[in-house]
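To keep things clear, I will list the structure first and then write my remarks on it.
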Amino acid sequence: MKNFIKNIVTDAAKKAFEEKVLPSSQIPEIQVEETKHESHGDFSTNFAMTTASIQKMAPQKIAQILISAIKAGNTGTTDGSEILVEKVEIAGPGFINFFLANKAWHPVVDNILVQDKLYGSSDIGKNEKVQVEFVSANPTGPLHVGHGRGAVVGDSVGSILSFAGYNVQKEYYINDSGRQIRTLGTSVWLRLLQRAGKEIDFPDDCYRGDYIKELAQKILEQYGSKFSEKDETEAIAVCAKYAADKILNGIKQDLTDFGVTFDQWFSEQSLYDSKRLEKTVDDFKSKDLIYEKDGALWFRTQGFGDEKDRVVVRNNGLTTYFASDIAYHKEKYERGFDRVIDVWGADHHGYIKRIDASIVASGLKSEQFDVILVQLVNLLRNGKPFQMSTRAGQFVTLKDIVDEVGKDAARFLFLSRSHDSGLDFDLELAKQTNSENPVYYVQYVHARITGILLKAKEEKIVSSIDFKKGEYLDLLNEPEEIRLIKILNAFKENVEKSAKTLHPHIIFTYLMNLASAFHGYYNKHKVLSDDIKLAKARLSLVLAVKKVIRNGLTLLGVSAPERM
RNA sequence: GCGCCCGUAGCUCAGCUGGAUAGAGCAACGGACUUCUAAUCCGUAGGCCACAGGUUCGAAUCCUGUCGGGCGUACCA
């Protein structure tokens, strides 16, 4: 539709030049936009204003010339017979506004019914191989609310990119190596000793949650009471492995219940086992990207935009987290991804530059690496801050939220705001299943329409509640109907914008907007009109709305209920 | 100090690849169910878009600075 208008303007400008009413043949990129106000028509172009300096002419005058050219040509027709542009006019400082005939919009409905689940999809991704890595929480405790936000953002970005034609793989990086795992093992081991009757001072830097005690108990049950007599180093290793496995299984289950799925789970330990990390360090050493100083090995990140160089191997011989991350990211590109997207909590933002530096140092381009920084979730209870700490064992888990609020409401709330902004998540508010919860507003549209379609089938107006061809669409001429179709038409654009900017909340905003337009229409006009032809036309429209709502909700991982 | 994010209606936030009269939800007030689901709708009220400069025909949007809030700034992860 937009291109159609664009062509009209381009043709008119060329024609005006040929007829020498416009002095310059230079035609800049023509921008056509949907108007904000209906009084400004359906589309407008600022062409006259942007080209004013080139043509050395007042915008108003250029606009006038263009309009005459448009009117003179037989532009405005698609197949030469139907006139789709009803009116063209100059407005304001030089905008050219286009008013389309209603019938220009009617084919949109058919298009949706035919494309069905594919409506809104596109190929802007050109099948580019993209990896989205998200959550990647350490398996040292259950997922909490903050992880939930990262989880839905990553999951939805994955769905949206797929829908927009990217070849997407979703991955979870398991930090199953390093100090935090040893701490986990120690925590469990100490609780186990306490349970076995030993007096132990439980250190502050150990994990204190009740789940640690439960794990200790399970180990005792499984290995018997003799376990507490074991050699400490060996026992801690067993505890660590056992606990990490159990916790990871819990994480997987919680994510599944939250509707979040992964194509692959990647183990950090595997980077050590395969000697991949070692090889990566050697490789960079031979390229003089890693050097030795003060007994430690440093990566020359400063040369690639970081504030300073960073340690990869400490002077005690242990590798840093950064070291395995370098190897991991290098490995991702070697697996064939053109582009890698990491979803991180905002508290890790200082880490971006050094990873980016390591990627550029590997000979890749900075544009091939994106980080979605998800701002922190501000947990409230009845409007008051609610502090959480994994170490202290005081937190609200993701599971708690999903159990109490439900998957749909939780996901929808997490995606309701741009991830660039902090999110207030009020536990009491989220638990409410009333109209304050926007998810019901959108889902209600889907359920309402299903109700109408079922009734229509019962009354034999339609033979099925799902059909692929609209009927009597030219009867759709109410302003609310045209407005609804315009919004339906904008779905694909919104998906594309969401994919390009990696902002899933664009889909949220779109759905709220569509839902609002539908509810307004529903209250004003009866779909099942006595006029059977009109009823069929409206049923077609309403079915199209239903399909778009479903497609949108699917991208956010929220269900579209038939009944509420 | 330096870096990243944010500052828009009483509250929570959209709008930010520059466009015409800055939007929505909640809260407030007034209306609409014998009619397809009132988990809905319609109306009223509410704004120096933090502040100051700059670029531009045009700035909530881009640039610079100031102020305020959040988060970072390890041979931690």
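Here the structure is a predicted model, which means the values were calculated and not measured. Both backbone and side-chain heavy atoms feed into the values below; hydrogens, waters and symmetry mates do not. Throughout, a chain's letter reflects where its sequence line sits, starting with A, and its residues are numbered from 1.
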Stacking between [N] and [X], yes or no? Criterion: centroid separation under 5.5 angstrom, plane angle under 30 degrees.
X	N	result
A:His505	B:rA14	no
A:Phe95	B:rA20	yes
A:His348	B:rA77	yes

Looking only at N and O atoms, is any donor in the side chain of [X] or the base of [N] less than 3.5 Å from an acceptor on the other one?
X	N	answer
A:Asn513	B:rA14	no
A:Thr35	B:rA20	no
A:Asp347	B:rG72	no

Using a 3.5 Å cut-off on both pairing distances, which stems of three or more Watson-Crick or G-U pairs include RNA chain B?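 For RNA chain B the paired stretches long enough to count as stems (3 pairs minimum) are B:1-7 with B:67-73, B:10-13 with B:23-26, B:28-32 with B:40-44, B:50-54 with B:62-66.
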
On RNA chain B, does the nearest nucleotide to A:Gly451 precede the nearest nucleotide to A:His519 from the 5' side, or the other way round? Give the residue.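 Taking each residue's closest nucleotide, the earlier one in sequence belongs to A:Gly451.
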
Just compare [options] and give me whichever is closest to any side-chain atom of [X].
X	options	answer
A:Asn523	B:rU73, B:rC36, B:rC41	B:rC41
A:Ser44	B:rA14, B:rA20, B:rU40	B:rA20
A:Ala296	B:rC76, B:rA60, B:rC75	B:rC75
A:Gln180	B:rC13, B:rA77, B:rA38	B:rA77
A:Pro93	B:rU12, B:rC36, B:rG19	B:rG19
A:His349	B:rG72, B:rA14, B:rC36	B:rG72
A:Asp420	B:rC36, B:rA74, B:rC6	B:rC6
A:Met564	B:rA20, B:rA39, B:rA77	B:rA39

Between [X] and [N], does any side-chain N or O lie under 4.0 Å from OP1 or OP2?
X	N	value
A:Arg563	B:rA39	no
A:Lys36	B:rA20	yes
A:Arg314	B:rC76	yes

Check every strand shown and say whether [X] touches a base, only sugar-phosphate, or nothing at a heavy-atom separation below 4.0 Å.
X	answer
A:Tyr522	base
A:Leu373	sugar-phosphate
A:Gly520	sugar-phosphate

In whole angstrom, what separates A:Leu318's CG from B:rC75's P?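 Answer to the nearest Å: 14 Å.
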
